[in-house]
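Structure, as structure tokens:
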Amino acid sequence: MSDRIILKGLSMRIKDHFKDKYSLTVDPVIQKGTIEGVEFYTSLPLQLSRELKRSPLEIAKELEAIEAEGIICLEAVKPGFLNITLSENVYLQHFNDFSSICRSKNGKKVNIEFISANPTGPLNVVSGRAAAFGRALSYLFEYAGWEVTKEYYINDAGNQINIFTNSIYKAYLEKFEKQTVSFEENEYNNAYVRELAEHFSKEIRSASDPKTFLKDAAIGHTVALNKKILERIDLSFDVWFSESSLYENAQLSDRVLSTLKKKSLSYEKDGALFIKNTALGDSQDWVLKKSNGEYTYLFGDIMYHINKFERGFDKAINIWGPDHHGGVRRLQLALTAFDIPEDFLEIIILQQVNLIKDGEKLVMSKRSGNYIQLNDIVDSVGADAAKYFFLSKGANQHVDFSLDRFEKEGEKSPVFYVQYMFARINSILEKAGRPDKDGISKVLDAEKKLLYSIFLFENAMKEALLKREPAMVITYLNALATEFHRFYHESKIIGSDEEAEYLKFVSALGTMVKDILNMIGFNAPEKM
RNA sequence: GCGCCCAUAGCUCAGCUGGAUAGAGCAACGGACUUCUAAUCCGUAGGUCGCAGGUUCGAAUCCUGCUGGGCGUACCA
């Protein structure tokens, strides 16, 4: 039975009903209501009507007699829905137990790798999207009981890094040795490279081998810088994994090569070594070792994921940009050669962020320095608004990003709408005093809709996890805040006949809201 | 050529194992602060869900084709 079923008890009874009466096995789906006044419903009668050769409404009527714990009313309505109303006590109980619900560990470990941008400059706005997404996804897994390792793969091996260090050296020669240099098209000619040249000018001058020195120094510097930038949005990785460390001992690479050879899954052609992915179901074979002796990125990736697998994770999730989607199947299939199950590695493609300036699409490029830094957007609207912006868009959504517009909209970011809920609660409690004990003993009319919204929280989290869409939680939060602000407006708490009862409700709600906000990665300011 | 993603209100987006009247925010217009924070609330206006077929009792949602946009298809990373 799936996690998505909201009301398990009732769902079992419905199942039994069809089993007993029609010898039919069904999997009832109970959904949250979509129209006013309907808490939950199932459309099962409509779906079964043809098979049972009975009118859907009749089938629904039969179900009305079912009794299940916490269900106060089942009502068949045309054309054949069964509407479900829960007893207030269910909501009350759930509300009072909220803090203790669903925090138990499931004993499974997941590795979530994201951003993993080349250490050739400060993180940009695209990485900001990945950061917000990966972070939120981590929370969703943690909420469901997984032990999560957040990991950043540092691409510190390969040709890009050589080009990068070479560029810094050129910038150094230009500024400090007054040499005339020209940058190739594939080289980095930007402010950051010049900054590094200046920062390390002394060491470069005295180094016996400046480029080797720069390789370590520049990467170290950039990684440290990016860690700091990520701290600004409250993101810290558990593991920073160095690509070059994979090459430091030959054991793993030898094992990869010999395994492939043993299984006849590699061959040499034109001086290069290929992995025979076609034999694994791929449309073509790929180079692992180039004819000049260098390994390809794919080779490192294979080693890296064998390493992940052997670190004992039950699942590995990579969040990649759309320009790498062609590599998904390639890597997953290659890993099957090492007896890693195909579903071990899951790759989520987070769609692109286009940079728009003056209505025109700009090509973002680290080499030219033509890009917007994550730092800039945090400066302009703050960490919470920035995170909220990215999280409110589905993973598949192509995002156009214009800094002007972002700043303008950031001032009235919807994140404040959600945070304001907490600030208002706090304000009430400060004025009226905090109750000794949270938790409610009865349900007041004005509270009903809010209790219902809170009841749906776990479902929203589970759905979001299942679909790998943190955006669904943002949608939920918005709905919750709407419900709260309406409640706040309609019910004057201080001075009302039910003040004591209201305060206990609001106080507990405040704890919940803070919990939820923090869990998804936002601050809960007491004052705004 | 083949493969992946996208197209919903003027704008940014929700709408999720097919369901009841397609929803928010921003922008526009009209109301609500002697009150627990108006960063709020209430109301008005705004839609052939890209187009055309199909499946179904029922399609924004699933299938096929088409149009338009983005990306991939490396001995780049």
Side-chain angles (χ1 to χ4, degrees), chain A residues 2 4 27 29 31 33-36 38 41-43 46-47 49-50 55-56 77-81 83 118 120 155 157-161 163 186 243 269-274 283-284 286-298 300-301 321-330 349 351-352 354 361 389 392-400 405 408-409 411-421 423-432 463-464 466-467 469 471-472 474-475 478-479 481-482 484-496 499 502-503 506 527-528:
Chain A
S2 104
R4 303 180 64 195
D27 192 12
V29 175
Q31 294 170 282
T34 51
I35 62 170
E36 187 67 27
V38 178
Y41 76 96
T42 178
S43 61
L46 283 160
Q47 291 160 35
S49 160
R50 169 178 289 234
S55 96
V77 297
K78 62 176 183 193
F81 296 107
N83 288 345
N118 286 345
T120 53
N155 302 134
N159 211 22
Q160 274 311 307
I161 294 302
I163 295 170
N186 67 355
E243 179 186 4
K269 192 182 141 198
D270 304 331
L273 183 75
F274 283 72
S283 57
Q284 73 181 88
W286 306 94
V287 172
L288 288 181
K289 194 176 186 179
K290 303 184 234 174
S291 52
N292 67 6
E294 288 173 7
Y295 290 109
T296 59
Y297 191 82
L298 174 63
D301 241 5
D323 49 337
H324 293 110
H325 83 255
V328 172
R329 197 165 156 70
R330 185 194 325 169
I349 298 297
Q351 272 302 330
Q352 63 205 333
N354 297 314
K361 196 170 277 187
F389 173 82
S392 58
K393 289 152 177 65
N396 281 335
Q397 194 63 232
H398 301 219
V399 172
D400 285 343
R405 191 183 175 128
K408 211 173 126 208
E409 287 180 5
E411 287 167 22
K412 38 202 160 182
S413 164
V415 76
F416 302 133
Y417 183 72
V418 176
Q419 290 175 324
Y420 191 44
M421 166 168 54
R424 275 182 147 174
I425 289 172
N426 224 66
S427 173
I428 295 171
L429 294 175
E430 250 177 42
K431 190 130 186 167
E463 289 261 353
L466 205 69
K467 301 280 185 187
E469 279 290 14
M472 295 177 82
I474 297 297
T475 306
N478 242 306
T482 298
F484 172 80
H485 289 305
R486 197 172 290 153
F487 161 80
Y488 179 92
H489 189 258
E490 285 169 3
S491 327
K492 173 89 174 142
I493 290 166
I494 298 175
S496 89
E499 177 174 325
Y502 268 135
L503 285 177
V506 167
K527 281 197 165 47
M528 288 176 72

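Atom set for the values below is all heavy atoms of this structure, side chains included, hydrogens, waters and symmetry mates excluded. None of these values were measured; they are calculated from a predicted model.
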Fill in the blank from the handout: Against the side chain of A/Lys290, the closest entry in B/C36, B/C76, B/G70 is B/C76
Exercise for the section: Could you check whether A/Val38 gets within reach of a base, just the sugar-phosphate, or nothing at all, counting any heavy atom under 4.0 Å? Expected result: base
Exercise for the section: With C1' as the reference atom in both, quote the distance from B/A39 to B/A22 in angstrom, rounded to an integer. Expected result: 29 Å
Problem - Whether A/Thr475 side chain and A/Ala471 backbone form a donor-acceptor pair below 3.5 Å - result: yes
Problem - Atom-to-atom span, OH of A/Tyr417 to C1' of B/U12 - whole angstrom - result: 17 Å
Completion exercise
Quick note, A/Lys412 side chain, CB onward, closest among B/A20, B/A77, B/C26 is B/C26
Exercise for the section: Remember a base hit wins even if backbone is also touched, and classify A/Lys408 as base, sugar-phosphate or nothing at under 4.0 Å, heavy atoms. Expected result: nothing
Exercise for the section: Could you measure between the two P atoms, the one in B/U67 and the one in B/A52, and give it in whole Å? Expected result: 15 Å
Completion exercise
RNA chain B nearest-nucleotide lookup for A/Glu409 and A/Leu298: closer to the 5′ end is A/Glu409
Exercise for the section: Please work out if A/Asn155 contacts a base, only the sugar-phosphate, or nothing of the nucleic acid, heavy-atom cut-off 4.0 Å. Expected result: nothing
Problem - Separation of atom CZ in A/Phe389 from atom P in B/A14, rounded to whole Å - result: 11 Å
Exercise for the section: Spell out yes or no: do the side chain of A/His485 and the base of B/C41 have one donor N/O and one acceptor N/O closer than 3.5 Å? Expected result: no
Problem - Listed nucleotide nearest any side-chain atom of A/Val399, set B/A39, B/A20, B/C13 - result: B/C13
Exercise for the section: Send over the distance from A/Glu36 CD to B/G23 C1', rounded to a whole Å. Expected result: 14 Å
Handout entry: Short N-O contact, A/Arg405 and A/Glu409, less than 4.0 angstrom
Key = yes
Problem - Check: B/A77 base within 3.5 Å donor-acceptor of A/Asn186 side chain - result: no
Handout entry: Spacing of the P atoms in B/A60 and B/C42 (rounded, Å)
Key = 28 Å
Practice task
Determine the contact category for A/Asn354: base if any of its heavy atoms lies under 4.0 Å from a base atom, sugar-phosphate if only primed atoms, P, OP1 or OP2 are that close, otherwise nothing.
Solution key: nothing
Practice task
Using both distances under 3.5 Å as the test, list the Watson-Crick or G-U wobble partner of B/G3, or none.
Solution key: B/C71
Exercise for the section: Identify the residue among A/Ile494, A/Ile428, A/Ile493 that makes a side-chain contact (heavy atoms from CB on, under 4.5 Å) with A/Tyr502. Expected result: A/Ile493
Exercise for the section: Can you tell me the pairing partner of B/U12 across any strand shown, Watson-Crick or G-U wobble, with both distances under 3.5 angstrom? Expected result: B/A24
Practice task
Would you classify A/Asn396 as touching base, sugar-phosphate or nothing, given that sugar-phosphate means primed atoms plus P, OP1 and OP2, and contacts are heavy atoms under 4.0 Å?
Solution key: sugar-phosphate
Handout entry: Gap between atoms CD and P, on A/Gln47 and B/A20 respectively (whole Å)
Key = 13 Å
Exercise for the section: Consider the side chain of A/Lys467, meaning its heavy atoms from C-beta on, and name the nucleotide among B/C71, B/C16, B/A20 that approaches it most closely. Expected result: B/C16
Problem - Stacked pair A/Phe81-B/A20, distance under 5.5 Å, angle under 30° - result: yes
Completion exercise
Taking B/C71, B/U73, B/C36 as options, the one with an atom nearest any side-chain atom of A/Gln352 is B/C71
Problem - Options B/G15, B/A38, B/U35, nucleotide nearest the side-chain atoms of A/Tyr488 - result: B/A38
Exercise for the section: Report the nucleotide, chosen from B/A20, B/C71, B/C36, that has the shortest atom-to-atom distance to any side-chain atom of A/Ile493. Expected result: B/C36
Exercise for the section: Can you tell me the distance, in whole Å, between the CD atom of A/Glu463 and the P atom of B/G15? Expected result: 10 Å
Practice task
Scan A/Glu294 against the nucleic acid and name what it touches under 4.0 Å (heavy atoms): base, sugar-phosphate only, or nothing.
Solution key: nothing
Exercise for the section: Select base, sugar-phosphate, or nothing to describe what A/Arg330 touches, counting heavy atoms under 4.0 Å on all strands. Expected result: base
Exercise for the section: Let me know the distance between NZ of A/Lys527 and P of B/A39, rounded to the nearest Å. Expected result: 15 Å
Practice task
Side chain of A/Ile494 only, please: which of B/C75, B/C36, B/C5 is the nearest?
Solution key: B/C36
Practice task
Between B/A20 and B/C33, how far apart are the P atoms? Round to whole Å, please.
Solution key: 38 Å
Problem - Syn/anti state of B/C49 by chi, 90° boundary around 0 - result: anti
Practice task
Indicate the ring-plane relationship of A/Phe81 and A/Tyr41, choosing parallel, tilted or perpendicular according to the 30° and 60° boundaries.
Solution key: perpendicular
Exercise for the section: Could you check how far OH of A/Tyr295 sits from P of B/A77, rounded to whole Å? Expected result: 14 Å
Practice task
Name the nucleic acid region contacted by A/Gln160, choosing base, sugar-phosphate or nothing; use a 4.0 angstrom heavy-atom cut-off, strictly under.
Solution key: sugar-phosphate
Practice task
Mind checking A/Pro322 for me? I need base, sugar-phosphate or nothing, with any heavy atom below 4.0 Å counting as a touch.
Solution key: sugar-phosphate
Exercise for the section: Answer with base, sugar-phosphate or nothing: what part of the nucleic acid does A/Ser291 contact at a heavy-atom distance below 4.0 Å? Expected result: base
Completion exercise
Regarding the side chain of A/Gln397, the nearest nucleotide among B/A14, B/C5, B/G19 is B/A14
Exercise for the section: Would you indicate what A/His325 reaches in the nucleic acid, counting non-hydrogen atoms under 4.0 angstrom: base, sugar-phosphate, or nothing? Expected result: base
Practice task
Give one of base, sugar-phosphate or nothing for A/Gly80, where a contact means two heavy atoms less than 4.0 Å apart.
Solution key: nothing
Problem - Donor-acceptor pair, side chain of A/Glu499 and main chain of A/Gly495, under 3.5 angstrom - result: yes
Handout entry: Pi stacking test for A/His324 and B/A77: under 5.5 Å apart, planes under 30°
Key = yes
Practice task
Drop me the distance from A/Gln351's CD to A/Gln397's CD, to the nearest 0.5 angstrom.
Solution key: 9.0 Å
Problem - Whole-angstrom distance between B/G3 and B/U21, as gauged at atom P - result: 38 Å
Practice task
Return yes if a side-chain donor-acceptor contact under 3.5 Å exists between A/Ser43 and A/Gln47, otherwise no.
Solution key: yes
Handout entry: Exceeds 12 heavy-atom contacts within 6.0 angstrom, atom NZ of A/Lys290
Key = yes
Exercise for the section: Could you check which of B/U73, B/C13, B/U12 has an atom nearest any side-chain atom of A/Arg405? Expected result: B/U12
Practice task
For A/Thr42, report the nucleic acid contact type (base, sugar-phosphate, nothing); a contact means any heavy atom under 4.0 Å.
Solution key: nothing
Fill in the blank from the handout: When rounded to whole Å, the CE to C1' distance for the pair A/Met528 and B/U40 reads 11 Å
Exercise for the section: Quick one: label A/Lys393 by what it contacts on the DNA or RNA (base, sugar-phosphate, nothing), any heavy atom closer than 4.0 Å. Expected result: sugar-phosphate
Practice task
Could you tell me whether a side-chain N or O of A/Ser49 sits under 3.5 Å from a main-chain N or O of A/Ser55, the two making a donor and an acceptor?
Solution key: no
Completion exercise
Paired to B/G47 by Watson-Crick or G-U wobble criteria (both distances under 3.5 Å) is none
